> 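Sending over a structure as structure tokens; questions will come in a sec.
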Amino acid sequence: MSSLRCITKHPTISLVESSTTLNQLKEIHTQLLVNGLLNGDDLLGRFAASIAVHNPNNLDYSNQVLSQCPNPTLFTFNSMIRAYSKSSTPQKSFHFYSRILQSSDDLSPDNYTFNFLVRTCAQLSSRETGPPVHGAVVKHGFENDPHIQSGLISMYAELGCLGSCRRVFGEIPEPDVVCQTAMVSACAKCGDVGFAREVFDVMPRRDPIAWNAMIAGYSECGKSTEALNLFHLMQMEGVKVNHVSMISVLSTCSHLGALDQGRWAHAYIEKNRLPMTLTLGTALIDMYAKCGDMNKAMEVFWGMREKNVYTWSSAMNGLAMNGFGEKCLELFSLMKQDGIQPNEVTFVAVLRGCAVVGLVEEGRDHFDSMRRVYEIDPQLEHYGCMVDLCGRAGRLDEALDFIVSMPVKPHAGAWAALLNACRMYKNMEMGELASRKIVELEAKNHGAYVLLSNIYADFRNWDGVSNVRQLMKAKGVTKLPGCTVMEVDGEVHEFLVGDKSHPRYNEIEIMLGEISRRLKLSGYVANTNPVFFDIEEEEKEDALRDHSEKVAIAFGLISLRKGMPIRIVKNLRVCWDCHEVTKMISKLFNREIIVRDRNRFHHFKDGECSCKGYW
DNA sequence: CTAGGGTTAG
């Protein structure tokens, strides 16, 4: 009786929500059929639409209901297009678009249809469908609809067509704040963050979303300083900061490895009681992980009520990067127990976790399970991880087998992983092969030349060393200057290799002297030895003591209170000599030193490093 | 009853 009343007033359909179970849907469906109300009022069509929009997990069921509908309305088809535009198979939207065009009821697509269809194209990131749909928009006369205009701008940004974004935007006589924000975001996504800023600067009204778009744009382009500056400007102008703003701020801190600023952001979120959403929590985990504070990252992780594949993958990747391979694999088990489906990014973390612990067989099993159990085709990255995994364990032939077995042409990264292993395990022939391959792919890959030169030096093959140098000169290979960044009391200090311009350089120099004195006392052989000289890695300077990380560590020793760990971020890989020296400093000065290099973390303590000598 | 811009992992 009560259900009948519900149906006559139609609220049964609006009862469909995301938590409605399939059984409940079936119950409602049965009531609709039993009560014979399906005729005349298009209840079934509305029911199908309602499922599609509010309960997209049951899109199949929605289709089933739709199939019992003799003459679905435009409303129903539009709802289906909308649902599929957000699904994992957006291309199915076009099926319903065709049904509109071919309908015997003379249905004609309206502004809603195109709005959703444009989103489908953005989702598909397809240059085949995007422009024709834009054409259809114009043909049907909807090109002046602001909803569709903003959608088109986002769509062309997905396609990487900045020119088209500008054309669409330019044809809007008086773009509103939404279209302007879409344009800011689009320009940044296409790499022209300068133009994004121009659009942003001339906006007559900037709401918090516009600010967030601009900050995120800087953040994505790696313009960290600009991102943080704009965030501060946003606060000074009294614009309401929300949790989305903080996601970009945290992401910037992750990028910089700026723990102090990251902690400040965390405190700001709590002080202002911003909602701790799933995304924000994940950004926090990533920030702590990329700043080397894995304890704090896991504290946040365990405190989160809800976790998705991003949350798990961030934590797992953080554990692997920080050298906690077993923990990473434990987390993987827990994730599966929790019923979260791993994806290709999760497997990058899993394989890295295996690599840092040297679990070759387990890594192989996980790699095989990708396709077999999860139907994920391994990508270049996964093959690269396998090469690294085998290579680290000294199984160079197996590593090479993985490269040979790649379904596509191996990328430089795979060969680089092999080359690194060749350096560690002193295999000159394979090292030569690997570096030749890298240089074929990337003629100016500085790291490849340096590693090869290191291998030759290991073999006292000075002709080889000299040939590599000549080759580099002939090809005009330039090196990226080594650079180390560290925070002291929230202030960022940058040290370039050989740069003595720091205001406290005199004190730093005294400390560098003190460091070498203590090193010598403890038996460290100064690196004037020509063998050491040639074993340096990505950097080549006359005096190894000028390597930026050493200068930064010296500055840390004089500027950070006793007991405070020294945290530094280096743009290149740490060189062998610096690694040795840092191990000893951690012991001699009783300091924890945490170094993030281009690939991973090194946690130095009591003369040991978490990477156990392989990086 | 179906619309628009900002947000996380490699």
Side-chain angles (χ1 to χ4, degrees), chain A residues 10-11 13-14 16 42-43 45-50 52-54 73-83 85 96 110-119 122 142 145-155 157 175-186 188-189 200 203 206-217 219-220 242-251 254 277-287 289-290 307-318 320-321 342-352 379-382 384-385 413 599:
Chain A
H10 312 311
I13 292 167
S14 63
V16 176
D42 191 38
L43 272 186
R46 289 172 52 193
F47 182 48
S50 190
V53 171
H54 299 115
T73 60
L74 186 60
F75 168 77
T76 299
F77 286 132
N78 284 348
S79 299
M80 296 306 286
I81 295 173
R82 181 195 117 127
S85 76
F96 300 96
D110 64 2
N111 46 337
Y112 288 92
T113 316
F114 286 113
N115 189 11
F116 301 139
L117 216 50
V118 165
R119 263 149 242 293
F142 293 114
D145 181 328
H147 290 92
I148 293 174
Q149 287 164 330
S150 59
L152 284 170
I153 292 168
S154 310
M155 179 194 83
D176 61 14
V177 66
V178 176
C179 285
Q180 288 170 322
T181 306
M183 191 58 190
V184 166
S185 190
K189 203 162 279 171
F200 178 77
M203 284 176 70
R206 294 186 210 105
D207 62 11
I209 296 181
W211 283 85
N212 290 348
M214 193 62 236
I215 294 171
S219 171
E220 278 167 37
N242 63 20
H243 66 282
V244 180
S245 327
M246 298 315 290
I247 291 165
S248 294
V249 169
L250 286 170
S251 161
S254 302
T277 59
L278 183 55
T279 312
L280 184 57
T282 304
L284 254 184
I285 293 168
D286 187 58
M287 182 279 291
K290 295 226 170 78
K307 306 178 185 74
N308 64 9
V309 65
Y310 284 77
T311 321
W312 288 93
S313 303
S314 292
M316 285 170 57
N317 184 54
M321 256 191 359
N343 64 17
E344 68 283 2
V345 180
T346 319
F347 274 101
V348 172
V350 171
L351 298 180
R352 284 183 182 170
Q379 305 163 342
L380 290 175
E381 289 90 336
H382 303 102
C385 287
N599 302 320

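Because the structure is a prediction, the values reported are computed rather than measured. Throughout, protein chains are lettered first and strands after them, A, B, ... in sequence-line order, and every chain is numbered starting at 1.
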> Just checking A:Q180: base, sugar-phosphate only, or nothing, at a heavy-atom cut-off of under 4.0 Å?
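The answer is nothing, as A:Q180 stays clear of every strand by at least 4.0 Å.
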
> Between atom CH2 in A:W312 and atom P in B:dG10, what is the gap in whole Å?
18 Å

> Rounding to an integer number of Å, can you tell me how far A:R352 CZ sits from B:dA9 P?
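To the nearest whole Å, that distance equals 13 Å.
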
> In whole angstrom, what separates A:L351's CG from B:dG10's P?
15 Å

> Considering only B:dG10, B:dA9, B:dT8, which nucleotide approaches the side chain of A:A283 most closely?
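Taking heavy atoms from C-beta onward, the closest nucleotide is B:dT8.
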
> Do A:V177 and A:I209 pass the side chain to side chain contact (heavy atoms under 4.5 Å, CB included) test, and can you show the C-alpha distance, the side-chain angles, and the key distance before you say yes or no?
CA-CA 9 Å; A:V177 66; A:I209 296 181; over 6 Å; no

> Run the side-chain contact (heavy atoms from CB on, under 4.5 Å) test against A:V348 and tell me which residues pass, sequence neighbours left out.
A:R352, A:E381, A:H382, A:C385

> What residues, two or more places apart in sequence or in another chain, satisfy side-chain hydrogen bond (donor to acceptor under 3.5 Å, both in side chains) together with A:T282?
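Expected list: A:T311.
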
> Taking side-chain hydrogen bond (donor to acceptor under 3.5 Å, both in side chains) as the test, write out the residues that go with A:D145, two or more places apart.
A:H147

> When you get a sec, tell me which of B:dA9, B:dG10, B:dC1 is the closest nucleotide to the side chain of A:V309?
B:dA9

> Less than 3.5 Å between a donor and an acceptor, one on the side chain of A:N343 and one on the base of B:dA9, is that the case here?
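Such a pair is found, so the answer is yes.
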
> Considering residues at least two apart in sequence or located in another chain, which fulfil the side-chain contact (heavy atoms from CB on, under 4.5 Å) criterion with A:S254?
A:D286, A:M287, A:K290

> Using the test salt bridge (Lys or Arg N to Asp or Glu O under 4.0 Å), find all partners of A:K189 that sit at least two apart in sequence or belong to another chain.
A:E158

> Does B:dT8 have OP1 or OP2 sitting under 4.0 Å from an N or O in the side chain of A:K290?
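The answer is no; no side-chain N or O of A:K290 sits under 4.0 Å from OP1 or OP2.
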
> Could you encode protein contacts along nucleotides 2-7 of chain B as a string, one character per nucleotide from 5' to 3', using B for base contact, S for sugar-phosphate-only contact and - for no contact, with a heavy-atom cut-off of under 4.0 Å?
BBBBBB

